[in-house]
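I have placed the structure first, in the form of structure tokens, so that the comments after it can refer back to it.
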Amino acid sequence: MDPDSRILANSAHGRDVDSLMPRSALNDPMRKTSRIRVLVVDDSSVMRRLVAHALEGDPGIQLAGVAADGLIALEMLSQVNPDLVTLDIEMPRMNGLETLREIRKRYPRLPVIMCSSLTVRGGTSTFEALTLGANDYITKPSTPRQGPVVSAGSSAESQVQILNQSLVAFREELVPKIRQFFPSLSNSRSGSSSAAHNAHPRQRIATGPPAAIVIGVSTGGPTALANIITDLPSTLRVPVLIVQHMPKVFTRLLAERLQTLTKLKVSEATDGDVVCAGRIYVAPGDYHLRLKRRGTEIVTTLDQESPENSCRPAVDVLFRSAADIWGGSVVAVILTGMGQDGLRGVEELKSRGAYVIAQDQNSSVVWGMPGAVVTAGMANAVLDLKQVIPEVLRRL
């Protein structure tokens with residue numbers, strides 16, 4: 001049996017697997033700056049082991065320690081000096097939200113990734129964590145304790161196989177989410193602060209006032225959007241369309257959260273919405289958001305065609321559609337986020353004369369998406385988050 005299957009077999013049979021933790025990682029007092037040190041906080045011994053094992057597969061990541069609740073985690077922070085924390089939400093004594101508040105008081109810049117179940121309750125708590133300063137989130141892998149991934153009649157070997165597949169998928173999502181906060185240790189393209197000097201020859205900008213604002217954002221997006229939405233005037237004369245990389249439950253909560261911060265009408269887009277000035281439309285999770293003409297009106301359309309850049313909704317899809325509808329009469333904004341979704345859509349908009357704004361590196365949680373646009377020479381302006389909407393309004 002391979003190592004993954006052996007460990008998952010132990011988990012499937014309910015053994016306490018904390019004893020299998022790498023002692024050298026837990027007790028090493030010397031900080032190894034070449035590796036990302038992660039503190040795993042979860043009340044479930046099975047989940048602690050699954051997360052730890054997912055980390056072991058990457059040579060650039062080191063397990064700094066494990067904690068069974070928030071109080072233990074807070075005590076351990078100064079002892080193990082982690083670079084990042086993965087944090088469960090539902091825990092005894094001190095839950096994840098309470099722990100996050102304390103972490104932010106003591107260590108405001110320490111990256112925190114929340115681990116939660118993809119349920120309405122889990123989604124609500126996770127979204128609250130994002131508003132409290134969590135940097136990202138990940139959905140927990142399914143285990144026998146958590147849910148019906150494994151049926152009661154399944155054999156031990158089939159349970160191991162299913163759980164092993166769940167762990168592989170979890171690892172493939174978790175490791176990039178950790179590495180995104182440490183671009184100097186990553187091989188992925190993340191851009192650099194000098195990228196603004198590598199601009200392509202200046203391209204034309206469409207004349208006349210823009211007809212729409214389109215925004216693409218990912219990691220750190222809920223906080224970034226909350227910060228800029230209040231700067232939009234109630235008399236805004238154009239529609240705003242947003243793609244935020246999130247699953248379905250989260251995008252609805254995002255729209256509801258943004259609605260509390262502005263007098264403009266904010267809603268999760270539905271199929272066939274008439275696009276109106278002064279309205280904000282958030283692409284729903286798991287659906288691409290596109291636009292089409294219907295007589296004299298422009299309406300939204302939703303579909304579940306293949307993900308682009310491993311994303312659905314994808315920024316590229318919305319931006320290309322906006323280019324088809326409005327040509328270059330668009331202000332495109334790329335905010336904080338991992339990867340380079342939005343780059344191809346920006347190129348299409350830019351070729352038609354659109355004005356492109358990218359968030360700068362210092363104010364971004366992750367300078368992946370805006371960094372890719374800046375590196376490609378597609379940004380007309382590279383701005384601190386606080387300057388984004390004033391520049392948008394100047395273009396209007």
Side-chain angles (χ1 to χ4, degrees), residues 31-33 35-42 51 61-67 69-89 91 93-116 125-138 174 176-186 190-191 193 217-231 244 246 250 253-254 257-258 261 335-338 359-371 383-388:
R31 184 178 181 82
K32 298 179 180 178
T33 56
R35 300 175 71 188
I36 304 166
R37 292 170 56 81
V38 179
L39 175 63
V40 177
V41 186
D42 199 298
V51 175
I61 300 176
Q62 178 184 7
L63 182 66
V66 294
D69 62 45
L71 290 176
I72 297 173
L74 293 174
E75 292 177 0
M76 292 183 66
L77 284 174
S78 61
Q79 300 170 8
V80 303
N81 195 23
D83 300 303
L84 181 142
V85 175
T86 67
L87 184 59
D88 185 23
I89 291 181
M91 298 183 294
R93 298 209 301 166
M94 177 179 279
N95 66 33
L97 297 179
E98 295 167 334
T99 306
L100 178 63
R101 288 189 181 96
E102 286 301 313
I103 290 176
R104 280 292 161 259
K105 290 178 184 178
R106 305 180 191 186
Y107 307 94
R109 298 187 65 84
L110 177 65
V112 177
I113 296 177
M114 305 303 296
C115 294
S116 72
S125 298
T126 303
F127 192 81
E128 183 177 353
L130 292 172
T131 64
L132 290 173
N135 300 92
D136 208 343
Y137 64 92
I138 188 169
L174 176 60
K177 282 181 177 287
I178 292 173
R179 282 188 164 274
Q180 68 180 326
F181 300 108
F182 308 92
S184 62
L185 300 179
S186 175
S190 60
S193 58
V217 61
S218 185
T219 310
T223 300
L225 290 170
N227 284 334
I228 68 173
I229 205 77
T230 55
D231 292 334
Q244 159 77 63
M246 279 183 162
F250 290 70
L253 294 170
L254 174 63
R257 165 68 173 164
L258 296 179
L261 302 174
L335 301 178
T336 175
M338 179 176 66
Q359 186 176 353
D360 69 5
Q361 187 170 14
N362 287 337
S363 65
S364 296
V365 174
V366 177
W367 207 57
M369 289 165 52
L383 302 173
D384 180 271
L385 184 64
K386 296 178 181 179
Q387 301 172 322
V388 168

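Only heavy atoms go into these numbers, but all of them, side chains included; no hydrogens, no water, no symmetry mates. Computed from a predicted structure; not experimentally measured.
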- Task: Test Leu100 against Leu87 for side chain to side chain contact (heavy atoms under 4.5 Å, CB included), laying out the working first.
- Result: CA-CA 8 Å; Leu100 178 63; Leu87 184 59; 4.1 Å; yes
- Query: What pair of heavy atoms forms the shortest contact from Glu75 to Ser78, and how long is it?
  - Reply: O-OG, 3.8 Å
- Message: I'd like to know if the side chain of Trp367 and the backbone of Pro183 have a donor-acceptor N/O pair within less than 3.5 Å.
- Response: no
- In Å, rounded to the nearest 0.5 Å, how long is the span from CG of Leu174 to CD1 of Ile138? 4.5 Å
- Query: How about Arg37 and Ile61: do any of their side-chain heavy atoms sit closer than 4.5 Å?
  - Reply: no
- Message: Which heavy atom of Arg257 sits nearest to which heavy atom of Thr131, and what is that distance?
- Response: NE-CG2, 3.9 Å
- Any side-chain heavy-atom pair from Met338 and Thr219 closer than 4.5 angstrom? yes
- Query: From Asp231 CG over to Leu261 CG, what is the distance, rounded to the nearest 0.5 angstrom?
  - Reply: 11.0 Å
- Tell me, do Gln180 and Asn135 make a side-chain contact under 4.5 Å, heavy atoms counted? no
- Message: Strictly distance-based, threshold 3.5 Å: is any side-chain N or O of Ser116 a donor or acceptor partner for the main-chain N or O of Thr126?
- Response: no
- With distance as the sole criterion, is a donor-acceptor pair present between the side chains of Gln62 and Asp83 under 3.5 Å? no
- Tightest non-hydrogen contact, residues Ala129 and Met114, listed as CB-CG, 3.7 Å
- Query: Would you call Ile103 and Leu77 a side-chain contact if the rule is heavy atoms closer than 4.5 Å?
  - Reply: yes
- Message: Check whether Arg104 reaches the backbone of Tyr107 with its side chain - one donor and one acceptor, N or O, closer than 3.5 Å.
- Response: yes
- Query: How about Ile113 and Val85: do any of their side-chain heavy atoms sit closer than 4.5 Å?
  - Reply: no
- Please check if the distance between the ring centroids of Phe250 and Tyr137 is under 6.0 Å. yes
- Task: Kindly write out the residues that satisfy salt bridge (Lys or Arg N to Asp or Glu O under 4.0 Å) with Glu102, not counting sequence neighbours, or none if the list is empty.
- Result: Lys105, Arg106
- Heavy-atom closest pair (Ala224 atom, Leu335 atom, distance to 0.1 Å) is CB-CD1, 4.4 Å
- Note on the structure: Here the gap from Ile89 atom CD1 to Glu98 atom CD, rounded to the nearest 0.5 Å, amounts to 12.0 Å
- Note on the structure: All heavy atoms of Ser125 vs all of Leu97, minimum pair found to be O-CD2, 3.6 Å
- Do Leu84 and Leu39 have side-chain heavy atoms sitting under 4.5 Å apart? no
- Interatomic distance, Leu258 atom CG to Ile228 atom CD1 [nearest 0.5 angstrom]: 9.0 Å
- Task: May I ask you to test the Thr99-Met91 pair for a side-chain heavy-atom distance under 4.5 Å?
- Result: yes
- Message: Looking only at side-chain N and O atoms, does Ser364 offer a donor or acceptor that is under 3.5 Å from a partner on Thr336?
- Response: no
- Query: To the nearest 0.5 Å, how far apart are CZ in Phe181 and CG in Asp136?
  - Reply: 5.0 Å
- Task: Might you point out which heavy atoms bring Leu254 and Phe127 nearest each other, and give the distance in Å?
- Result: CA-CZ, 3.4 Å
- Query: Heavy atoms, side chains only, cut-off 4.5 Å: are Leu130 and Met246 in contact?
  - Reply: yes
- Query: Checking side chain to side chain contact (heavy atoms under 4.5 Å, CB included) against Lys386, which of Leu383, Val388, Asp384 comes through?
  - Reply: Asp384
